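Okay, so here's the structure we're looking at.
Note: hydrogens, waters and symmetry copies are ignored here, and every other heavy atom, side chains too, is used. All values derive from a computational prediction rather than experimental measurement. Quick note on labels: first sequence line is chain A, next is B, and so on, each numbered from 1.
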Amino acid sequence: MMNRLKQFLISNSVPIVFVGLSALAIPISGYSAGYLVQEMITRLARNSFLVLSLLIPIMAGMGLNFGMVLGAMAGQIGLIFAINWSVVGIPGLVLASLISMPIAVFLGFVCGNVLNRAKGREMVTSYILGFFTNGVYQFVVLYAMGNILPVTSPQLILSRGYGIRNAVTLTGLRLALDRAMNFQFKLGDFTVNMPIGTFLLIGVFCLFILWFRGTKLGQDMRAIGQDMAAADSAGIAVERTRVIAIIISTVLAAFGQVIFLQNIGTMNTYNSHEQTGMFSIAALLIGGATISKASISNVFIGVTLFHLMFVVSPTAGKELIGQAQLGEYFRVFVSYGIIAAALVLHAWKRLRERQASRRGLRGETQG
Amino acid sequence: MSQAPMRIRRFIIRTVLILLLIVLGMAMYNIGREYSVLLDNGTVTIDGREYPVIAYGSLIIDGDERKAIDIWEDDRLLQKLVGTSHTLRVLVLDEDDDSAQKTAERKIEMDFDTREWMISLAAIAGESERILIPNPIYIGEQETAPLDDEIQDDADGIPEF
Amino acid sequence: MDRLKNFIEDFGWPRIIIGIFLLCLFITAPFVGVRVGTSISDTLVRVGMNGVLVLAMVPMVQSGCGLNFGLPLGIIAGLLGATTSVQFGMKGLLGILFAFSIAIPLGLAFGFLYAQILNRVKGEEMMIATYVGFSSVALMCMAWLLLPFSSPVMIWGYGGSGLRTTISTDGFWNHVLSDFMSVQAGSFYFPTGMFLFFVLMLTVVWAFFRTKTGTAMTAVGSNPEFARASGIDVDRMRTISVMLSTALGAIGIIVYQQSFGFIQLYMGPLYMAFPAVAAILLGGASVNKASITNVVVGTFLFQGILTMTPSVINNLIKTDMSEVIRIIVSNGMILYALTRKTRVKR
C-alpha cells in the first residue's frame, strides 16, 4: 500500500508540484473562482486540440513533435485564404481547415522524411526544421502573397501592395466555433460561457486517438516506439509509418491552430505559430507526460495546470514583489524549464537503462 | 493475388475522398461567403420608369423581423450578407402609425459585382424587373485604399494566449 | 574528376552554394551601388564581434557533446561580468579586463554545473542544451529585475529597481578592443585590436588542443569507448570541454558588446546560439568535429552573407529580404548537418 502510494507520487510528481504551486498562487492573486473557471474553460477549448496533436508521434517513439509549428503555419495560411475570400462563420473555418490540409500533409511528409534521416535526434531536428520552415513561411506570406499568390483583400495586404499584415483581425471567423453551441451557466455572480461545439470536436479527436491505437497502423506505431529494430525485423515498414505519424500530427496541428486562432480572434501572422509549439509541449509535460509516454488525460490535466499558472502568475508576482513583469518571466521560465527538466529526466533514464543492459551483457553483477 | 484489384480500389476510394473534400470546400465557399452589399434608397429611373424614393419604410432581410432596418429618404446602407441567395422584403410604412402601406419581396442572387452595383430599394418597392443601379462612386478595377488605422485599432484588448 | 567529386562530397553542397552565393554578392555589389569598402569593413567588424562566440562551439563539439545550443549560459556569465564592471564604474581597458575577470570564473562555474547535466544525458545533449540555455535566460530575466544593481546608467529611471533591457557601454569600455591600433582609411575601417584578440583566442584554443588534455578530449569525442579503454576519464574530459565552451561564450559576448556598444539583457541572449552554430557548420564543421579553420571560414562566410544580402538584395530588387534569407541559410545549414548520415557511435 505504502509502496503503491509512493509509486503514484513519483510518477505524478510534476502535476503534483504544479497543483501545489497553483494552490499557493491562487489566493495571492485574488481572482474569483468564477473568473478562473471561465479562463480554464476558455483555455481548454482553445489549446486542447493543439496539445492532442502531439500524442501520435510520441506513440511512434519520435518524441515531442517540435515540428507541429509546421502544421500551425499551414493552418494560418488556410485562415489567410478564408479571410481573403471573405468566407465567414463555421464554413469559413471548415474552408480554412480544408485549405490547410494539403499544405500540412506536404509539410508533414517533408518533416517525416527529414526526421528519418536523423533518427535518434528527432527532437532537435524537428525543432530546427520549425525555424527553417518559418523562414520559408515568411517568404511566402511576406513576399509571395499579393505578388504571385492571389491574395487581394485590403484587410490582409500591407499598404505597399504585397505581403500580409502583422496583425490580421479574423472578422467573421472570430469565435465562430465557440459561439456556435454556447452554453451559459452561473457560478457565484459570474456567468460562465462554455463552448460546447469546440469541446465536441475535441471529444471526437479523443475518440479518434483511442480508435487509432487499436488499428493496425496504431499497433505498428506502438511497436516502432518500443523498439525500432524489432519492429523492422517483424516486417513493419518503419520509415513509412514514422512519416505517417508525423503527417497525422501536422494535419491535426493545423486544425488545432485554426481552432486556437478563432478563439483569440486576431492572428499575429509572424508570431502566432512560434509560441504554439513551445506552449503546447510544456502543457503536455506539466500534465505528467514524458517523452515516450503520453495519454489523453495528460493533455487535459496539463492544459489546465499550465494555463492556471499562466493566468495567475503575473498577478501573484505583482502582489508578492510588486512587479507583474516578474510573474511573466516566471511563466516563461517554467515553460522552458519544464521542457528542459523533462528532457533531462528522460535522457538520464535512458542512459541508465543502456548502461544497465550493457553491464548485463558483460555479465557483471549490478550493484 | 488480389494485389492489383486492391490497389485499384484503394486508388478509387482515395480519389473519391479527395473529390469529396474539394466539393465540401466549394460548398463551404458558397455557403460561407460574405458579401458587402450596398443598398440605396433614392428616386431612380429604370427602363424609362421612375420609382419614387421611400419616405419611411423598413427592410427585412431573409425574413428576420427582429433585425428589421429602418429606411429613410435617401439612405444608403451597407449590409453584410452571408451566402449567395437572399430575400429582401421592403415595407413602405406610414410615418404616423407605422402601418404598412405596401410590401414587396424580392429574391436576389449574388451574381453581380457588389462594388460596381447597388440595389435600389425604391425599385424593389415598385416591383421593378431590374433593381440594380450603378454605384456612382465606383472607381473601377483598381487597388482599393488600405485601411491601416481601422485594422490596427481592432487588434487591441485581445489576450495573447 | 574523381578528386573534384570527393572534394565536393567532403565540403558539402550547401557550403559550396552559399560560398558561390556570397561571391556573387561581392561581384554584384559595385554594380548596384553598394560601396565595397564599407561592406568589407562591415563584414570584418562583424567577424571580429562574433568570432569568439563561434569559437565557443569548438571544445564541446570536439569532446562529443554536440553543437553548443546552450551558449546562452556562457553569454549570461559574460553579461554578469559586463554589468558588474559597469556597476563599479570601471572604464577603458581596465573595465573590460575587470569584466573578463568576473565573467571567466562565472563561466567556468556555470559550465561545471551544466556539464553535470550533460554528462547524464549523453546522446541527447543538443535538445537539452537548447532548453537549458532558454530556461537559464528566463531565470536570469527574473534575476535582472531583482539583483541589487544600483548604477543609475543601468537601472530603470522611474521604478528605481531592475536593470534596463539595453545598457550603453559608452563612457565605460565601448570599442576599447576594436579601436586599439585600428586602421581608418576613408570608408574602410579595420578593428585591429578586436582581431588581435580573436587571433589570441584562436591560438589559445589551438594550443590547448595540442596539450595532453586537449588530445584526450579529441579522443573522447571521436571514440568514447576507445578513450575509456585507454584510461581517459570521459566525464572529466567532457566537463572540461563544457567549462571551456561556456567561458569562451562569456568572453565572446563581452567582445561583442564592446563593439556593438550595448549590453542586451533579458530575452536578448535567447537565440544567440543559433547564428554561432550555423556559422561553424557553414565553416565545414560537423556535429562531432570542428577545427579552428572551420571557425574562421564559417564566421567569414556567415557574417559576409549577413552583411551583404541586405545591401545588395535591397538595391537589386528594392525589397528587404535579408531577414528571410538569414533564417533560411542559418537553419538550413544546421538542418543539413543534423541530417547527414554520420557514423553511429553508440
Query raised in the report: Is it the side chain or the backbone of C:Leu335 that comes within 4.5 Å of chain A heavy atoms, both, or neither?
Result: both

Requested in this report: To the nearest 0.5 Å, tell me how far A:Tyr127 OH sits from C:Met126 CE.
Outcome: 14.0 Å

Query raised in the report: Does atom CZ of A:Phe109 have more than 12 heavy-atom neighbours from other groups under 6.0 Å away?
Result: no

Requested in this report: Hey, could you give me the CD/CZ distance between C:Glu125 and A:Arg121, rounded to the nearest 0.5 Å?
Outcome: 10.5 Å

Report summary line: dist A:Trp348:CH2 -> C:Arg120:CZ (nearest 0.5 Å) comes out at 5.5 Å

Report summary line: CE (A:Met123) and CD1 (C:Ile128) are apart, to the nearest 0.5 Å, by 7.5 Å

Report task. Take C:Val121 and A:Leu343 through the test side chain to side chain contact (heavy atoms under 4.5 Å, CB included) and record every step on the way to the result. Result -> CA-CA 9 Å; C:Val121 297; A:Leu343 293 169; over 6 Å; no

**Report entry** Atom group of C:Met267 that falls short of 4.5 Å from chain A, counting heavy atoms
**Finding:** side chain

Query - Test log, rule side chain to side chain contact (heavy atoms under 4.5 Å, CB included), inputs C:Tyr131 and A:Ile281 - result: CA-CA 12 Å; C:Tyr131 274 92; A:Ile281 285 167; 5.8 Å; no

Query raised in the report: For the candidates C:Leu139, C:Ile327, C:Ile334, which exhibits the highest count of non-hydrogen atom pairs separated by less than 4.5 Å from chain A?
Result: C:Leu139

Query raised in the report: With a cut-off of 6.0 Å (strictly less than), are more than 12 heavy atoms of other residues, nucleotides or ligands near CZ of A:Arg352?
Result: yes

Report task. Kindly compute the distance separating CG (C:Leu338) from CG (A:Leu129), expressed to the nearest 0.5 Å. Result -> 10.0 Å

Query - Distance-minimising heavy-atom pair for A:Ala340 and C:Ser135 - result: CB-OG, 3.9 Å

Requested in this report: State the OG1-CD1 distance between C:Thr339 and A:Ile128, to the nearest 0.5 angstrom.
Outcome: 11.5 Å

Query - Chi angles and distances behind the side chain to side chain contact (heavy atoms under 4.5 Å, CB included) call for C:Val137, A:Val332 - result: CA-CA 10 Å; C:Val137 168; A:Val332 176; over 6 Å; no

**Report entry** Residue part contacting chain A, namely of C:Leu67, when any heavy atom lies under 4.5 Å
**Finding:** neither

Query - Atom of A:Tyr336, atom of C:Ala138 and distance for their closest heavy-atom approach - result: CD1-CB, 4.1 Å

Report task. Determine, using ring centers only, whether A:Phe131 and C:Tyr271 are less than 6.0 Å apart. Result -> yes

Report summary line: Honestly, the part of A:Tyr137 sitting under 4.5 Å from a heavy atom of chain C is neither

Query - Criterion side chain to side chain contact (heavy atoms under 4.5 Å, CB included) on C:Thr130 and A:Phe66, from CA distance to verdict - result: CA-CA 13 Å; C:Thr130 311; A:Phe66 284 88; over 6 Å; no

Query - Largest heavy-atom contact set with chain A, pairs under 4.5 Å, which of C:Tyr266, C:Phe274, C:Phe134 - result: C:Phe134

